[in-house]
Protein chains: 2
Amino acid sequence: MDTRTLCLAILQKGAASGYEIKKKLEEMPYRIFQEVGFGSIYPALNRLLEAGHVTVQAQAQRKRPDKKVYAITANGRQELEGSLLHPPAQDRFRSDFLFVLFHSELLAHEELADLFDTRITELKSTIDQMHACDLSGASPGARFVHGYGLTYYENALDYLCTHREWLLDETEARRQTTSATWCPEVSSTVPGGDR
Amino acid sequence: MDTRTLCLAILQKGAASGYEIKKKLEEMPYRIFQEVGFGSIYPALNRLLEAGHVTVQAQAQRKRPDKKVYAITANGRQELEGSLLHPPAQDRFRSDFLFVLFHSELLAHEELADLFDTRITELKSTIDQMHACDLSGASPGARFVHGYGLTYYENALDYLCTHREWLLDETEARRQTTSATWCPEVSSTVPGGDR
DNA sequence: CTTGACATGTAACCAGTTACATGATTCT
DNA sequence: AGAATCATGTAACTGGTTACATGTCAAG
């Protein structure tokens, strides 16, 4: 989702400044969608302003720089609802982690094991944070998306744990049988081999 | 992963033309990572050529336009291995579908139901295709990644099926309780207070 | 006779990231 | 004293998408 729509979505729940929008995009539940930098947010807000989708109000603050509080307009709400209506684009999943594992035979055994271990630790911490997350008062949509993300992380963790040894062993085996002999793989935990 | 690295990864498994690279990126197992257009591939190959990561050889064909077959060099292999070594960037998951469901209260009941149904159908078809996919001869890494993707899709399908009714009902319930008290304009709800 | 596969490329456009630029205040 | 937080923005760069441009051949 582009930054403009993301900003509209947040402003729809209440007026906010660019700085505050960035903070909200960093924490749950918006974190699931995307993190964007100031370099995207401020220009996006200016374009929304030009288009009449939002209004600004400068807020002088004692002992703080001025704040520009943006609020969504009826026009902006219509725009947001419009973008929800047309059929959503395909999901895109980008994982450099998987890309590296895909080429497991180009890495040393230890590097592979380390990769797994750090990812498993990260996943556990992410899952803990998501469990700790307060959802009282959250909309049904927010809860649904949170649950989707949580089950994704939990299943990913499970997959990594149950297939770690398999990949490590198979990669080692493949490395040794470079071109000489063909080794018949016999395993009950071959990914995709359960049909 | 950027297009150049993606091209190197494919060429590492064998020489290919730009057209063939695109086809490989469209099918399993590369499909999991990313799909890229010709507009990305041809410039990427030229940059790899300039950098000495690949070589070209024009191949005249009977009754076909000439083909430019690219092959990876020792230099290019080193480059690829190098990019696998430094710690992978964070996974990014972008889903307009989830973004829409997040705002379920802005959509009509029927639109929501339709969204679910089309997505469920799509997922089922994707899963079938992945099950039908031939993995004999695939590297351990490729199998691992394929399995990761497959379990993701299966779990996503399961989550959608088991939570469809919940979201539909909860959204309906929320709509009825908030419609009366909903306050549209800017008003006093400025987050972050004032001073 | 038209669609689709084969085959390569460029140019304009759009979006996002990173680095830069500024500056007060509060916490450790 | 130095780091973190609050607060806003621009400019350069990078990368990807889309549209354009060209052409053959096979199959329906």
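Basis for what follows: all heavy atoms, side chains included, without hydrogens, waters or symmetry-related copies.
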(message) Assuming nearest nucleotide by heavy-atom distance, tell me which of R94(B) and G39(B) is located more 5' along DNA chain C.
(response) G39(B)
(request) Could you tell me the separation between the CG atom of L45(A) and the P atom of dG16(C), rounded to a whole number of Å? (result) 13 Å
(message) Expressed as a whole number of angstroms, how long is the span from Q34(B):CD to dT17(D):C1'?
(response) 12 Å
(request) Would you mind reading off the distance between M1(B) atom CE and dG15(D) atom P, rounded to a whole angstrom? (result) 13 Å
(request) Figure out the CD1/P separation between I21(A) and dC6(D), and round it to whole Å. (result) 15 Å
(request) Respond yes when some side-chain nitrogen or oxygen of K22(A) is under 4.0 Å from OP1 or OP2 of dT8(D), and no when none is. (result) no
(request) Please state how far atom CZ in R47(A) lies from atom P in dG16(C), giving the value in whole angstrom units. (result) 10 Å
(message) Can you measure Q57(A) atom CD to dT8(D) atom P for me and round it to whole angstrom units?
(response) 14 Å
(message) Looking at E81(A) and R77(A), is there a salt bridge between them, counting it only when a charged N and a carboxylate O are closer than 4.0 Å?
(response) no
(request) Take atom CG of D66(B) and atom P of dG9(C), then tell me their distance rounded to the nearest Å. (result) 10 Å
(message) Taking the basic N atoms (NZ, or NE/NH1/NH2) and the acidic carboxylate oxygens, is any pair closer than 4.0 Å for E20(B) and K23(B)?
(response) no
(message) If the cut-off is 4.0 Å, is Y19(A) near the phosphate of dT8(D), judged by side-chain N/O to OP1 or OP2?
(response) no
(request) Compare side-chain N and O positions of S40(B) against OP1 and OP2 of dG15(D) and report whether any pair is under 4.0 Å apart. (result) no
(message) Looking at Y19(B), I'd like to know if the NZ or CZ of K67(B) sits under 6.0 Å from its six-membered ring centre while staying within 45 degrees of the ring's axis.
(response) no
(request) With the side chain of Y42(B) defined as its heavy atoms from C-beta on, choose the nearest nucleotide among dG16(C), dG9(D), dA7(C). (result) dA7(C)
(request) Starting at atom CD of E26(A), determine the distance to atom C1' of dA4(D), rounded to an integer number of angstrom. (result) 13 Å
(request) Using the closest heavy atom to pick a nucleotide of DNA chain D for each, name whichever of V36(B) or K23(A) lands nearer the 5' end. (result) K23(A)
(message) Counting only side-chain nitrogens and oxygens, does T3(B) get under 4.0 Å of the OP1 or OP2 atom of dG16(D)?
(response) yes
(request) In plain terms, say whether E50(B) and R47(B) are close enough for a salt bridge, that is, a side-chain N and a carboxylate O under 4.0 Å apart. (result) no
(request) Could you work out which one of dG16(D), dT10(D), dG9(C) sits closest to the side chain of N46(A)? (result) dT10(D)
(message) Quick check for you: among dT17(D), dG9(C), dG16(C), whose closest atom lies nearest to any side-chain atom of R92(A)?
(response) dT17(D)
(message) I'd like to know if the side chain of H103(A) reaches the main chain of G141(B), judged simply by a donor and an acceptor atom lying under 3.5 Å from each other, with no hydrogens or angles considered.
(response) no
